[in-house]
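Residue numbers run from 1 in the order of the sequence given.
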Amino acid sequence: VQLQASGGGLVQAGGSLRLSCAASGRTFSSYAIGWFRQPPGEEREFVAAISWSGGSTLYADSVKGRFTISRDNAKNTVYLQMNSLKPEDTAVYYCTAGDSPRIYGWSYDYWGQGTLVTVSS
């Protein structure tokens, strides 16, 4: 499966953005999808993940209550709705596919190119 993240941009603190992860391949609906981010000069970190059915989700504590992950298997797309954005959310955001929603990057098999989110104070 091939993944492409989009929807990043520049937003003021307190604002919102919705990221999309579009996938190619007929087996998209069988994969769990994760979102990770890499802030400038820092390590990659887990953000959120969703099971193949959408029935199970995971969130990092830092985004819980502000971000929502969802998916539309008919459109081969996963979304990350980001509200109440903070400057510390500034990062390149990546989507990834694997067999289960997990917080560990090494557990995913496919990675897309990232999209940059910049939150100004």
Side-chain angles (χ1 to χ4, degrees):
V1 61
Q2 292 185 320
L3 306 170
Q4 179 64 54
S6 63
L10 175 64
V11 63
Q12 288 189 333
S16 298
L17 280 175
R18 188 177 78 160
L19 304 184
S20 297
C21 176
S24 62
R26 292 178 293 176
T27 59
F28 170 78
S29 61
S30 66
Y31 285 98
I33 300 295
W35 283 99
F36 287 75
R37 66 186 182 186
Q38 187 165 18
E42 298 184 28
E43 298 288 319
R44 183 180 64 193
E45 62 185 24
F46 170 76
V47 176
I50 189 167
S51 62
W52 67 270
S53 67
S56 178
T57 57
L58 290 173
Y59 294 96
D61 287 344
S62 59
V63 307
K64 203 170 292 183
R66 300 188 298 122
F67 290 12
T68 302
I69 189 170
S70 61
R71 67 189 298 160
D72 185 340
N73 286 340
K75 295 183 178 180
N76 278 13
T77 303
V78 169
Y79 305 100
L80 185 68
Q81 179 66 44
M82 307 187 297
N83 299 328
S84 302
L85 283 161
K86 305 175 181 179
E88 51 263 44
D89 294 319
T90 294
V92 177
Y93 284 71
Y94 300 88
C95 59
T96 182
D99 62 356
S100 295
R102 296 189 178 100
I103 67 172
Y104 304 106
W106 53 259
S107 66
Y108 292 86
D109 300 311
Y110 304 97
W111 291 81
Q113 293 186 335
T115 185
L116 176 63
V117 172
T118 303
V119 184
S120 63
S121 57

Trainee: Consider only side-chain heavy atoms of I, L, V, M, F, W and Y, link residues closer than 4.5 Å, and tell whether Tyr79 and Phe67 are in one cluster.
Mentor: no

Trainee: Of the non-hydrogen atoms in Gly112 and Tyr94, which two are nearest, and what is the gap between them?
Mentor: O-CD2, 3.4 Å

Trainee: For residues Tyr93 and Phe46: do they belong to one hydrophobic cluster (side chain heavy atoms under 4.5 Å, members Ile, Leu, Val, Met, Phe, Trp, Tyr)?
Mentor: no

Trainee: Sub-3.5 Å donor-acceptor pair from the side chain of Thr96 to the main-chain atoms of Tyr110, do we have one?
Mentor: yes

Trainee: State plainly whether the residues Lys86 and Asp89 are in salt-bridge range, i.e. N to O under 4.0 Å.
Mentor: no

Trainee: Should the ring pair Tyr108 and Trp111 be called parallel, tilted or perpendicular, given that the plane angle runs from 0 to 90° and is split at 30 and 60?
Mentor: perpendicular

Trainee: Nearest heavy-atom pair of Ser20 and Thr77: which atoms, and what distance?
Mentor: CB-CG2, 4.2 Å

Trainee: First locate atom CG of Asn76, then atom SG of Cys21, and finally report the distance between them rounded to the nearest 0.5 Å.
Mentor: 10.0 Å

Trainee: Measure from NZ or CZ of Arg71 to the centre of the six-membered ring of Tyr31, then state whether that distance is under 6.0 Å and the direction lies within 45° of the axis.
Mentor: no

Trainee: Test Arg37 against every option in Thr90, Leu116, Thr115, Val47 by the side chain to side chain contact (heavy atoms under 4.5 Å, CB included) rule and name the one that passes.
Mentor: Val47

Trainee: To the nearest 0.5 Å, tell me how far Gln113 CD sits from Cys95 SG.
Mentor: 10.5 Å

Trainee: Side-chain contact test, heavy atoms from C-beta onward, threshold under 4.5 Å: evaluate it for Trp35 versus Ile50 and give yes or no.
Mentor: no

Trainee: Are Val92 and Val119 connected in the hydrophobic side-chain network, where two residues link if heavy atoms are under 4.5 Å apart?
Mentor: no

Trainee: What closest approach, in Å, do Ser120 and Leu10 show between heavy atoms, and which atom pair accounts for it?
Mentor: CB-CD1, 4.3 Å

Trainee: Under 6.0 Å from the CD atom of Gln2, do we count more than 12 heavy atoms belonging to anything else shown?
Mentor: no

Trainee: What pair of heavy atoms forms the shortest contact from Asp99 to Ala32, and how long is it?
Mentor: C-CB, 4.1 Å

Trainee: Any side-chain heavy atom of Glu88 within less than 4.5 Å of one from Pro39?
Mentor: no

Trainee: Starting at OG of Ser121, measure out to CD of Gln12 and round the result to the nearest 0.5 Å.
Mentor: 9.5 Å

Trainee: Do any N or O atoms from the side chain of Tyr59 and from the backbone of Ile69 form a donor-acceptor pair under 3.5 angstrom?
Mentor: yes

Trainee: Side chain to side chain contact (heavy atoms under 4.5 Å, CB included) for Ile33 and Phe28? Distances and angles first, verdict last.
Mentor: CA-CA 9 Å; Ile33 300 295; Phe28 170 78; 3.8 Å; yes

Trainee: I need the Arg18 CZ to Met82 CE distance, nearest 0.5 Å.
Mentor: 11.5 Å

Trainee: Count I, L, V, M, F, W, Y as connected when their side-chain heavy atoms are under 4.5 Å apart, and connections chain through other members. Are Trp52 and Val78 then in the same cluster?
Mentor: no

Trainee: Under 4.5 Å between side-chain heavy atoms, hopping through other hydrophobics if needed: is there a path connecting Leu80 to Leu85?
Mentor: yes

